[in-house]
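Chain letters run A, B, ... following the sequence lines, proteins first, then strands; residues in each count from 1.
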There are 2 protein chains.
Amino acid sequence: MEIGRPYSRLLQRLEKLNTLSAHDRQLIAELPLTVANFSANEEVVRHGESPSRCTLVLGGFLYGHKRVNGSRRQITSFFVPGDIADLHTLHLAPLDHSLSTLGPAVVAFMPHAAFREMLDRSPQLAEAFWRDTFIRLAILREWVTNLGRRDAIARVAHVICELALRLQRVDLAQDLCFSIPWTQTDLADACGISNVHANRVVQELRRLGLVEWDSRKVRIRDWDAVTKIADFSDEYLQLGGPAKRDPLLGQKVSEHA
Amino acid sequence: MEIGRPYSRLLQRLEKLNTLSAHDRQLIAELPLTVANFSANEEVVRHGESPSRCTLVLGGFLYGHKRVNGSRRQITSFFVPGDIADLHTLHLAPLDHSLSTLGPAVVAFMPHAAFREMLDRSPQLAEAFWRDTFIRLAILREWVTNLGRRDAIARVAHVICELALRLQRVDLAQDLCFSIPWTQTDLADACGISNVHANRVVQELRRLGLVEWDSRKVRIRDWDAVTKIADFSDEYLQLGGPAKRDPLLGQKVSEHA
DNA sequence: CGACCGATTGACACAGCTCAAATGAAGTGG
DNA sequence: CCACTTCATTTGAGCTGTGTCAATCGGTCG
């Protein structure tokens with residue numbers, strides 16, 4: 001798990017959310033980090049806790065999940081390197097869900113106090129993180145739609161498409177191919193289906209020649225066909241970068257009256 | 001539809017998100033508002049648009065929705081008076097979903113420019129709105145769980161519980177009884193089920209003596225039983241008010257080391 | 001009165017679930 | 001290097017919750 005400077009993928013993502021100054025980058029670099037290693041399937045933050053730090057994913061994957069009737073699991077989000085998985089703990093407590101590792105993972109903890117100080121010093125960063133929060137909202141809206149109105153094969157294909165693009169953004173996927181240490185049961189719990197049916201759907205995607213899936217390695221072989229089955233459109237991921245600003249006014253240029 | 005001062009319910013909600021000063025309240029009161037009336041089932045903001053203003057609900061209800069394969073509708077959120085339904089347009093464009101009225105509704109449009117200026121002038125307000133965004137995230141996580149892992153009757157009961165509490169917070173529900181101009185098809189599209197099945201579920205809830213539902217009027221007759229069926233817990237709604245602050249430090253008091 | 005819309009009902013079909021067992025792959029310890 | 005365990009994947013066989021289709025009923029409004 002090559003990591004480079006620990007905050008490099010975070011910066012990479014933030015640069016696409018807002019224009020950052022050298023000063024902003026400096027502030028990020030100065031954040032006090034506590035790096036921690038976790039093995040597969042460990043709970044990093046538990047439902048009900050009120051942590052005083054945020055969790056930045058450096059390597060590997062985290063996922064957020066809730067339980068229904070104390071048993072059935074629903075995965076509500078995946079987090080990839082460069083993501084802050086529990087930014088909301090900055091403003092909400094206690095945690096309404098748990099955060100676990102998919103496979104082995106490396107994370108960095110950032111104390112709330114230092115993080116808030118950083119936000120106070122840079123309105124640009126504060127804006128970038130708020131925008132990041134809005135993008136997470138958009139992703140969850142798409143997940144609600146996915147679970148509410150698509151059949152099993154579309155759900156699975158949709159989740160795979162989303163992960164491919166999110167990983168591509170941080171250079172962890174090339175040619176629509178990426179490694180992720182999940183099981184078919186994990187995928188099932190993200191898609192709201194049973195593990196048995198997840199298996200059948202994966203086999204169907206393989207049979208159609210659309211997706212390869214060999215232990216931990218996923219490859220989308222026919223992007224157009226898969227996005228069609230998944231009813232996938234990338235607009236909600238806001239990959240386009242920061243909204244244009246009018247350099248004279250320093251404000252967003254609105255495209256409408 | 002009595003409205004009082006247009007921003008009164010918004011203030012009411014914000015007060016629970018952060019401690020506001022007289023100056024903050026003044027800033028809210030000074031926001032330039034354009035009030036508009038809509039009739040039932042009108043699109044207030046359309047998917048793909050890039051509005052330059054936010055939409056505050058004054059009276060009635062809005063809902064956000066997406067379409068799958070261009071036809072099947074999924075409702076992703078309900079908005080009640082005091083809610084800003086499209087705060088994210090402040091930072092994201094174009095819109096990834098549409099915003100429509102459930103019944104007749106009164107809204108106020110607030111120009112982005114004025115809104116941003118207000119946020120620049122008050123870190124407390126900026127924090128309150130960011131926190132509001134995090135609460136919306138929590139609500140969507142719960143919806144994902146609802147659609148992914150609960151059966152039809154639990155989904156319906158869950159949505160009803162959530163609305164009751166959210167409306168109670170702005171004095172639009174008393175004794176777990178509220179009016180909302182939705183149809184069973186609207187409820188079905190929020191729960192990811194068919195309208196026919198929504199009807200059967202509603203009848204079942206009536207038969208069990210748990211919920212009354214006479215054209216537009218919903219009453220929860222047995223809160224404990226309904227929350228049990230719905231697997232409902234209100235923690236995700238963050239009704240508890242703003243996190244306590246240490247008055248000396250002016251920082252959040254963290255409950256954990 | 002006719003048109004329309006939402007609620008309701010019935011009959012039937014099927015996607016996806018559950019249960020259970022088999023197979024395969026990857027350690028682990030002797 | 002082989003038994004043994006463990007965990008993920010795969011397969012099969014029924015079962016059921018929910019969808020679809022179509023018709024009816026009831027209220028409301030012009």
Could you verify whether a donor N or O on one side chain and an acceptor N or O on the other, from [X] and [Y], lie under 3.5 Å apart?
X      : Y      : value
A:Q238 : B:D96  : no
B:N199 : B:Q184 : yes
B:E142 : B:H158 : yes
A:H65  : A:T76  : no

### Query
With a 4.5 Å heavy-atom cut-off, do A:V44 and A:F79 have their side chains touching?
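Side chain of A:V44 against side chain of A:F79, heavy atoms only: no contact under 4.5 Å found.
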Atom [atom1] of [X] to atom [atom2] of [N]: distance rounded to whole Å?
X      : N      : atom1 : atom2 : answer
B:D214 : D:dG27 : CG    : P     : 12 Å
A:W182 : D:dC7  : CH2   : C1'   : 19 Å
A:E204 : D:dT11 : CD    : C1'   : 15 Å
A:D186 : D:dA8  : CG    : P     : 8 Å
B:Q184 : D:dC25 : CD    : C1'   : 14 Å
A:L147 : C:dG16 : CG    : P     : 13 Å
B:N41  : C:dC5  : CG    : P     : 11 Å

Regarding [X], tell me which of base, sugar-phosphate or nothing describes its non-hydrogen contacts under 4.0 Å with the strands shown.
X      : value
B:R150 : nothing
B:R155 : nothing
B:R207 : nothing

### Task
Locate the shortest heavy-atom distance separating B:Q74 from B:D189; write the atom from each residue and the value.
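Closest pair (atom of B:Q74, atom of B:D189, distance): NE2-O, 2.9 Å.
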### Summary
Nearest-nucleotide check on DNA chain D, B:D151 vs A:R206; residue mapping nearer the 5' end is A:R206
### Query
Does any residue of residues 188-203 of chain B have a heavy atom under 4.0 Å from DNA chain D, and if so, which ones, in number order?
B:G192, B:I193, B:S194, B:V196, B:H197, B:R200
### B:W182 ring center within less than 6.0 Å of B:F78 ring center
yes
### Task
State whether B:R149 places a side-chain N or O below 4.0 Å from either non-bridging phosphate oxygen (OP1 or OP2) of C:dC17.
no
